[in-house]
Amino acid sequence: MAQLSTFARKTNTKLVNCLSRRCKMVSVAVTVQQVARPAPAKEIASCSGRQTYHDDMAKILYTEAAISQRVAELGRQIAQDYQGKAPLVLGVLKGSFMFFGDLVRAIEPCPRGLTLDFIRASSYGSGTESTGEVKLKTDLKREKVEGRHVLLVEDIVDTALTITTVNRYLLEECGAASVATATLLDKHERRKLAYRPEYVGFVCPNEFVVGYGLDFDEEYRTIPYIGVLKPECYSHLGIKAPEPDCSGESGGE
C-alpha cells in the first residue's frame, strides 16, 4: 500500500506539472496573439473636418447629369466622324479613366475596326503646377499605331504640354495617320503652347477642379461630378488658389 501511495503521489505531481506547463503555454500563446493583433485603422478626416470628399467641395461645377449628356453628344459626333476609319482610341492615364470608359460606350454606331489602348503621361507632381517635363510610359508597338487614325482621350487640357508631347510621339515615332483629341475639360486660359482639341466637353474656368477622374495628390478621382476644391484643402501646402476668369460653358469641336 505504501508503494501504491508513493506512486500515486508521483503521478499526481507529474500531472500537476504538466497542466502547469500547458497553462503557461496557453498564456504565452494568448499574449502573443494579443500583441500581434493590428491596431484598428484610424479614420482619415477630410480637409474640411468632415468625413466625405463631398464636404471638401466649394461648389459643383458640372453635375453628373450634365457630364452624361455632354459625353453622349461627343460620342455621337465621334461615331459620325470616324465611320470607315477603324480608329484607335487611346486613353491618357490616369485622369481620363472615367471619361474614357463613358465616352467609348457612347460612340454609337461604333465604327468597325475601333480598338482601345492606353498611354500614361504626366507633367504634374503632387501640386497643381506643371513641372514642364512630360513623362511617357507605354508599351504601344509601332505596328499597332502606324497608319491608324488615333483619338486621344484626355481629362483636361490646360498648358497643352502633355498633349502636344503625346501627339508628337504618335505622329513622329509611331507613324499614326492622324491624331485628334477629345478632352472633357479645356482650360485654355492656362495655355503655354498653341493647341486646340478637336472635341471638347466643357470650356473650364480657371478653378481648382477635381472629380470624375481628376485628382489632387491622387485623391478625389472617384467623385462622379466636377467640383471646385475648397482652398483650405491645399492652402496649408503653400498652394494658392487660381483666379477665376470666366464661367464654365459647353465647348465644341
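One-based numbering along the sequence shown. Both backbone and side-chain heavy atoms feed into the values below; hydrogens, waters and symmetry mates do not.
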Residues forming a ring-ring contact (aromatic ring centres under 6.0 Å, His included) with Y169, sequence neighbours excluded: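 Result, ring-ring contact (aromatic ring centres under 6.0 Å, His included) vs Y169: none returned.
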Go through the structure and list residues passing ring-ring contact (aromatic ring centres under 6.0 Å, His included) with F99, not counting sequence neighbours.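 Partners of F99 by the ring-ring contact (aromatic ring centres under 6.0 Å, His included) criterion come out as none, since no residue qualifies.
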V145 vs L170, test: side-chain contact (heavy atoms from CB on, under 4.5 Å). Steps then yes/no. CA-CA 7 Å; V145 179; L170 293 170; 4.2 Å; yes
Ion pair check, E207 and K59, cut-off under 4.0 Å: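 Looking at K59 together with E207, the answer is yes, because their closest N to O distance falls below 4.0 Å.
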Any salt bridge linking K230 with D56? Criterion: basic side-chain nitrogen under 4.0 Å from a carboxylate oxygen.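 Salt bridge between K230 and D56, a charged N being under 4.0 Å from a carboxylate O: no.
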Is there any salt bridge (charged side-chain N to carboxylate O under 4.0 Å, His left out) pair reaching into residues 89-103, and which pairs are they, with sequence neighbours excluded?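 Passing the test, one end in residues 89-103: K94-E218, D102-R105.
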Parallel, tilted or perpendicular for F216 and F208, by the 30°/60° rule?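 It falls in the perpendicular class, over 60°.
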Is there a side-chain contact (heavy atoms from CB on, under 4.5 Å) between I156 and K187? Walk through the geometry before answering. CA-CA 7 Å; I156 185 169; K187 194 183 284 190; 4.0 Å; yes
Hey, could you give me the OH/NE2 distance between Y82 and H149, rounded to the nearest 0.5 Å?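 Interatomic distance, Y82 OH to H149 NE2, rounded to 0.5 Å: 8.5 Å.
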Counterpart residues, side-chain contact (heavy atoms from CB on, under 4.5 Å), relative to T63 (two or more places apart):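 For T63 the side-chain contact (heavy atoms from CB on, under 4.5 Å) partners, ignoring immediate neighbours, are I60, A65, A66.
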Which residues share a side-chain contact (heavy atoms from CB on, under 4.5 Å) with S68, sequence neighbours left out: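 For S68 there are no side-chain contact (heavy atoms from CB on, under 4.5 Å) partners, ignoring immediate neighbours.
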Using the test side-chain hydrogen bond (donor to acceptor under 3.5 Å, both in side chains), find all partners of R76 that sit at least two apart in sequence or belong to another chain.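 For R76 there are no side-chain hydrogen bond (donor to acceptor under 3.5 Å, both in side chains) partners, ignoring immediate neighbours.
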